[in-house]
Amino acid sequence: MTDRLRLADPLTAVGRLPRGAAVIVREFAAADRARLAARLRPICRRRGLRLLIAGDWRQAATLRADGLHLPEHQLRRGSRPWAGYARHWLITAAAHSRLALRQAMTIGCDAALLSPVFPTASHPGQPVLGALRFVRLVRTAPLPVYALGGITALTAVRLAGSGAAGFAAIGGLSSMSRS
């Protein structure tokens with residue numbers, strides 16, 4: 001996930017992601033978000049990555065993105081204004097509870113990013129799920145779940161065998177842009 005405060009150079013980090021990964025452009029308030037996405041698009045295509053735009057299906061359509069990532073508050077609406085594009089899109093959602101996981105499945109999301117699993121710099125002092133609660137939620141989830149929040153090489157090991165579909169990261173990618 002892009003986040004200019006915690007990942008100043010997303011282009012370099014994206015250039016090092018493994019084939020099949022997805023990039024979520026998430027700077028909701030950035031005036032040049034479309035320009036960032038347009039710069040990421042050819043890198044993603046060349047490397048076999050999927051490009052998703054967070055929260056704005058119109059921008060995703062205009063940029064010919066590969067999908068849409070919904071903030072949890074958009075799940076509660078229950079509407080699907082992007083349905084005409086969804087045939088070929090990957091639709092993911094942010095989730096912080098069992099209810100949000102069910103809502104994501106109900107509106108047709110392909111996967112959810114469940115967070116925060118561990119303490120994270122982006123939400124200091126906020127309650128976390130922890131490994132055990134994360135595993136319980138994953139095992140009862142009606143759709144594939146990715147772990148997000150405090151994911152590092154060390155914390156990822158704690159989720160081995162959890163049933164998670166994979167990992168999502170913001171700060172964990174910052175070392176990729178420096179190495």
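Numbers here are sequence positions counted from 1. All values reported here derive from a predicted model rather than from experimental measurement. Hydrogens, waters and symmetry mates play no part in the numbers below; they use all other heavy atoms, side chains included.
Within the 4.5 Å cutoff, the side chain of Val145 has no heavy atoms near those of the Leu137 side chain. Using a 4.5 Å heavy-atom threshold, the side chains of Asp110 and Leu143 count as separate. Residues Phe118 and Thr152 are not in side-chain contact: their nearest non-hydrogen atoms beyond the backbone lie 4.5 Å or more apart. Residues Ser162 and Arg139 fail the side-chain proximity criterion, which asks for heavy atoms closer than 4.5 Å. The side-chain heavy atoms of Leu17 and Val23, taken from C-beta on, include a pair separated by under 4.5 Å. Looking at heavy atoms from C-beta onward, His73 lies in side-chain contact with Arg76 at the 4.5 angstrom threshold. No side-chain heavy atom of Ile91 sits under 4.5 Å from any side-chain heavy atom of Arg80. Side-chain contact between Leu113 and Glu72 is absent, with no heavy atoms from C-beta onward closer than 4.5 Å.
Note that the CZ atom of Phe167 and the CG atom of Leu159 stand 5.5 Å from one another [nearest 0.5 Å]. Between the CG atom of Leu101 and the OG1 atom of Thr140 there is a distance of 7.5 Å, given to the nearest 0.5 Å. For the atom pair CZ of Arg50 and OG1 of Thr92, the computed distance is 10.0 Å after rounding to the nearest 0.5 Å. Here Ser97 contributes atom OG and Gln103 contributes atom CD; the two are 7.0 Å apart, rounded to the nearest 0.5 Å. Taken from OG1 in Thr12 to CD1 in Ile43, the straight-line distance is 8.0 Å, to the nearest 0.5 Å. Taking OG1 from Thr2 and CD1 from Ile24, the interatomic distance works out to 9.0 Å, rounded to the nearest 0.5 Å.
Checked options His88, Arg41, Arg45; the residue passing with Asp66 is Arg41 (criterion: side-chain hydrogen bond (donor to acceptor under 3.5 Å, both in side chains)). Evaluated for a side-chain contact (heavy atoms from CB on, under 4.5 Å) with Val25, the options Leu63, Leu40, Leu52 yield exactly one hit, Leu40.
The shortest heavy-atom contact between Val14 and Cys44 is CG1-SG, 4.2 Å. Counting all heavy atoms, side chain and backbone alike, Ala65 lies closest to Trp89 at O-NE1, 3.3 Å. In terms of heavy atoms, Pro116 sits closest to Pro127 at CG-O, 3.5 Å. Here the closest non-hydrogen pair linking Ile151 and Ala156 is CG2-CB, 4.4 Å. Closest approach of Ile53 to Ala37, counting heavy atoms only: CD1-CB, 3.8 Å. When all heavy atoms of Leu129 and His96 are compared, the pair lying nearest together is CD2-O, 4.3 Å.
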| field | Residues Arg158, Val117; criterion side chain to side chain contact (heavy atoms under 4.5 Å, CB included); working and verdict | value | CA-CA 11 Å; Arg158 293 178 56 194; Val117 181; over 6 Å; no

| task | Begin with the C-alpha distance, continue with both residues' side-chain angles, and end with the deciding distance and a verdict on side chain to side chain contact (heavy atoms under 4.5 Å, CB included) for Leu75 and Cys109. | result | CA-CA 9 Å; Leu75 296 177; Cys109 291; 4.1 Å; yes

| field | Residues Arg33, Asp56; criterion side chain to side chain contact (heavy atoms under 4.5 Å, CB included); working and verdict | value | CA-CA 11 Å; Arg33 178 168 109 141; Asp56 188 339; 3.3 Å; yes

| message | Run the side chain to side chain contact (heavy atoms under 4.5 Å, CB included) test on Arg136 and Leu132 for me, step by step, so that the C-alpha distance in whole Å, both residues' side-chain angles and the decisive distance to 0.1 Å come before the verdict. | response | CA-CA 6 Å; Arg136 282 196 300 270; Leu132 293 178; 4.1 Å; yes

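Between the side chain of Arg47 and the backbone N or O of Gly15 there is at least one donor-acceptor pair closer than 3.5 Å.
Note on Leu11 and Leu51: same hydrophobic cluster, where clusters join Ile, Leu, Val, Met, Phe, Trp and Tyr whose side-chain heavy atoms are under 4.5 Å apart, directly or indirectly.
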